[in-house]
Protein chains: 2
Amino acid sequence: MIEKKKKQQKQEHEQAEGKNNIFQVAKLSGVSIATVSRVMSGKVYVSSELTSRVKKAALTLGYCPNRSASNLRKRVSKTIGVIISDIENPFFTSVIRGIETILYDAGYSLLFCNSDEDPKREKTHLSILRAEDVAGIILTPTKNNNEFCKSLVESGIQLVAIDRSPGMDYMDGVTVKNKKGAFEATSHLAQLGYQRIGIICGPKQTSTSVERLEGFKEALLHHNLVLDQKLIIYSDFRQMGGYKAMQTLLDLEFPPIAVMVSNNLMTLGALQAIHERNLKIPDQIAIVGFDDMPWATSLQPSLTAVAQPAFDIGTTAAQLLLERLKDPTRSYRQVVLDTKLMVRTSSGSKMNLLIKPVNET
Amino acid sequence: MIEKKKKQQKQEHEQAEGKNNIFQVAKLSGVSIATVSRVMSGKVYVSSELTSRVKKAALTLGYCPNRSASNLRKRVSKTIGVIISDIENPFFTSVIRGIETILYDAGYSLLFCNSDEDPKREKTHLSILRAEDVAGIILTPTKNNNEFCKSLVESGIQLVAIDRSPGMDYMDGVTVKNKKGAFEATSHLAQLGYQRIGIICGPKQTSTSVERLEGFKEALLHHNLVLDQKLIIYSDFRQMGGYKAMQTLLDLEFPPIAVMVSNNLMTLGALQAIHERNLKIPDQIAIVGFDDMPWATSLQPSLTAVAQPAFDIGTTAAQLLLERLKDPTRSYRQVVLDTKLMVRTSSGSKMNLLIKPVNET
DNA sequence: TACAAATAAGAAAACGTTTTCTATACATAA
DNA sequence: TTATGTATAGAAAACGTTTTCTTATTTGTA
């Protein structure tokens with residue numbers, strides 16, 4: 001008799017105060033732990049009598065199921081990893097916000113990592129995320145980790161690439177029409193009569209940078225403008241890089257009269273360099289940026305820029321991931337979102353029709 | 001015989017391909033799972049012979065321990081929750097970056113949440129983080145969740161408050177000298193000869209907003225300037241709010257000739273309103289912002305602003321948390337970091353070069 | 001009346017680790 | 001020699017869930 005009781009109690013898990021578990025709820029409500037679990041997850045038959053008793057007990061104890069145990073047993077986690085290359089870039093924070101909005105509603109948590117554009121760091125993060133048993137990962141892929149990504153997919157972790165298209169056929173992806181955006185921006189400058197147009201690019205390897213340069217070149221061709229290689233400067237997508245790149249351009253024997261800058265942070269740097277030399281925008285030099293940012297309308301003159309739907313990139317990526325988690329067999333797809341040229345005054349447009357606040361709450 | 005073998009194999013966990021576990025490593029290297037675990041954690045005696053065999057097996061299988069199982073067993077997690085009120089605010093992204101830098105090195109992962117300044121959302125996130133069994137939480141506390149926070153601390157989850165001081169004595173905190181920062185900024189304007197100075201504040205409830213207003217008032221008093229209640233506008237720390245607030249100020253019968261804006265996003269909005277009316281900065285209106293941002297030097301004129309050590313706020317918070325995790329009994333402490341007035345041209349300082357930042361670290 | 005099907009709930013197994021307990025071999029000290 | 005300690009490594013328990021397996025009860029149908 002005593003023997004038997006002892007054995008039964010073996011699992012009673014007398015715990016320290018504060019932390020409580022399913023056994024305590026079961027005890028308080030006088031049911032088995034199975035029933036408690038069923039009530040908590042709420043999708044199986046439990047009598048209304050027991051349901052209410054369990055719910056009451058759970059409430060008074062402030063019980064909430066341990067997620068590690070749950071994940072372990074279910075072999076799935078309600079966590080999704082996000083690896084961003086630069087969290088200090090407002091473009092990416094908008095993306096994150098988009099991701100968060102969707103995933104939060106779907107009951108997922110976000111495990112966040114900053115790769116700093118470093119493939120090694122990216123790999124470390126990827127393996128941590130795997131150990132963490134995330135359901136999926138949304139990332140801005142750097143190069144060099146293709147085989148590793150592939151092995152992740154094989155081991156059942158779904159990936160979604162954003163911003164860059166790594167040319168992988170084993171994951172979904174969301175990008176924007178970089179080439180078209182750059183084409184429009186450059187054409188805009190050409191149409192305003194600027195002939196000597198320069199560009200500040202990002203790193204040579206990233207697909208976004210390459211595509212934007214392509215659009216730039218095509219626009220020059222389209223408008224019968226000569227392409228001077230000296231007016232193409234490669235940089236690093238960072239503010240300081242943009243600053244130095246613009247200095248280089250301005251130091252040329254024949255500097256450009258208009259410039260397209262391939263991302264937001266470099267645009268800030270470029271503006272700084274221009275202001276330092278007391279050049280008038282757009283009279284002495286016109287400028288068009290890529291990425292429309294909150295500060296674009298606060299600049300004097302306001303900044304003409306190619307707007308990317310950053311928030312939508314995030315929501316789209318999250319949705320792709322959710323759909324794939326629901327149906328892992330469906331074919332991989334690449335969603336390409338549109339860009340929009342926001343014409344303001346830094347490009348020298350006389351008709352500043354489109355001055356609107358970027359961000360209304 | 002067969003019986004016995006079956007029983008032994010019971011634990012062999014023949015798995016699907018791809019995912020691998022400790023049993024497979026043990027099998028491949030011909031040792032027990034205990035030994036594998038000991039090798040992986042690497043702080044207990046295992047012979048060099050077995051160690052190398054296990055390591056090799058782990059490598060070829062690409063094994064890495066399941067974190068859920070580990071957390072469950074160890075009853076601690078290497079995950080830390082971060083709840084930020086607005087991820088689109090560059091100030092907070094710098095903070096996050098600081099947090100990430102420290103915690104990454106210490107082997108922690110970051111579970112990220114956006115509270116959107118909404119106490120209800122904050123509470124939801126807090127309980128998710130508890131279920132997730134995080135070791136600690138760094139948050140920008142909104143009001144109204146005091147008792148809940150307290151219960152978290154009681155159940156063993158350490159909290160660190162950043163940016164705002166909720167006046168709680170059961171958690172560590174990191175803030176900056178808001179009052180002193182606002183005092184200096186306002187004094188700077190007063191010393192330049194501006195007499196009619198306005199302020200755009202954040203929400204009335206947040207401690208940062210209150211402290212900055214206090215510093216503003218004290219500076220006026222100190223310089224024998226009258227305080228016109230009409231020149232104090234409360235807003236919401238967002239760009240649109242700053243835009244509208246500045247419009248309100250400029251629409252006054254006697255508008256201010258200089259303005260201090262209590263955060264970065266509202267400053268952007270205020271600038272927009274000023275530019276829309278084609279007012280010259282600083283000749284027709286001077287402006288000083290709170291929070292020094294990457295774009296401050298790209299503005300024309302460049303923006304005078306109170307710099308907060310956002311990155312350091314993050315690293316400090318992370319360090320406080322790590323120290324507390326190491327020694328949960330140590331007394332709670334509030335770290336207050338210094339601000340620094342970055343004098344540029346939007347405040348009109350060109351006219352008065354005698355002024356220099358009054359500061360010591 | 002009897003037998004199948006459906007409902008409800010407990011017992012027990014399983015998830016993949018870490019760690020305690022136990023056992024062996026070998027060295028050292030009494 | 002015997003006792004004691006130490007290095008090494010396997011067996012088994014434990015972490016807190018979810019879910020399968022059982023069992024008991026109720027309902028429906030031939």
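Chain naming here is simple, since letters A, B, ... match the order of the sequence lines and numbering starts at 1 in each.
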J.: Expressed in angstrom and rounded to an integer, what is the separation of A/Ile33 atom CD1 from C/dG10 atom P?
T.: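 That distance rounds to 11 Å.
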J.: Taking only N and O in the side chain of A/Ser70, is any of them less than 4.0 Å away from OP1 or OP2 of D/dT18?
T.: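 For D/dT18, OP1/OP2 do have a side-chain N/O of A/Ser70 under 4.0 Å.
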J.: Taking OP1 and OP2 of C/dG16, is either one under 4.0 Å from a side-chain nitrogen or oxygen of A/Arg75?
T.: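 Checking A/Arg75 against C/dG16: at least one side-chain N or O falls below 4.0 Å of OP1 or OP2.
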J.: Thinking salt bridges, do A/Arg97 and B/Asp116 make one under a 4.0 Å N-O criterion?
T.: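 Salt bridge between A/Arg97 and B/Asp116, a charged N being under 4.0 Å from a carboxylate O: yes.
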J.: Heavy atoms only, 4.0 Å cut-off, all strands: where does A/Arg38 land among base, sugar-phosphate and nothing?
T.: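 If one applies the 4.0 Å heavy-atom cut-off, A/Arg38 turns out to touch a base.
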J.: Quickly work out the B/Asn21 CG to C/dG16 C1' distance and round it to whole Å.
T.: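 Atom CG in B/Asn21 sits about 7 Å away from atom C1' in C/dG16.
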J.: B/Val31 near the nucleic acid: base, sugar-phosphate alone, or nothing, with a heavy-atom cut-off under 4.0 Å?
T.: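 If one applies the 4.0 Å heavy-atom cut-off, B/Val31 turns out to touch the sugar-phosphate alone, with no base involved.
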J.: Test for a donor-acceptor pair under 3.5 Å between the base of C/dT17 and the side chain of B/Arg73, counting only N and O atoms.
T.: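 Answer no: no donor N or O sits under 3.5 Å from an acceptor.
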J.: Return the value, rounded to whole Å, for the distance between atom NZ of A/Lys74 and atom C1' of C/dA14.
T.: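 Spelled out: NZ on A/Lys74 to C1' on C/dA14 is 15 Å.
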J.: If only side-chain N and O atoms of B/Thr35 are considered, is one of them under 4.0 Å from the OP1 or OP2 phosphate oxygen of D/dG10?
T.: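 Checking D/dG10 against B/Thr35, a side-chain N or O does come within under 4.0 Å of OP1 or OP2.
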J.: Can you tell me how far C1' of D/dC15 sits from CD of A/Gln24, to the nearest Å?
T.: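 Interatomic distance, CD of A/Gln24 to C1' of D/dC15: 14 Å.
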J.: Quickly work out the A/Arg53 CZ to C/dA9 C1' distance and round it to whole Å.
T.: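 It works out to 11 Å between those atoms.
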J.: For the pair B/Asp133 and B/Lys74, find out whether any cationic side-chain nitrogen is under 4.0 Å from an anionic carboxylate oxygen.
T.: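 Between B/Lys74 and B/Asp133 there is no salt bridge, as every charged N stays at least 4.0 Å from the carboxylate O atoms.
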J.: Reckon B/Val44 touches a base, only the sugar-phosphate, or nothing at all at heavy-atom distances under 4.0 Å?
T.: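 Nothing, no nucleic acid heavy atom in range.
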J.: Report yes if a side-chain nitrogen or oxygen of A/Ser68 is closer than 4.0 Å to either non-bridging phosphate oxygen (OP1 or OP2) of D/dC15; otherwise report no.
T.: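 So the side-chain polar atoms of A/Ser68 never come under 4.0 Å of the phosphate oxygens OP1 or OP2 of D/dC15.
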J.: For A/Ser37, report the nucleic acid contact type (base, sugar-phosphate, nothing); a contact means any heavy atom under 4.0 Å.
T.: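 Counting heavy atoms under 4.0 Å across all strands, the contact made by A/Ser37 includes a base.
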J.: Provide, to the nearest angstrom, the distance between the OH atom belonging to B/Tyr45 and the C1' atom belonging to C/dC26.
T.: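 The distance from OH of B/Tyr45 to C1' of C/dC26 comes to 16 Å, rounded to the nearest Å.
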J.: Less than 4.0 Å between a side-chain N and a carboxylate O, is that true for B/Glu100 and A/Arg121?
T.: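 So A/Arg121 pairs with B/Glu100 through a salt bridge.
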J.: Under 3.5 Å, is there a donor-acceptor pair between the A/Thr142 and A/Glu117 side chains?
T.: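 A/Thr142 vs A/Glu117: no donor-acceptor pair found between side chains.
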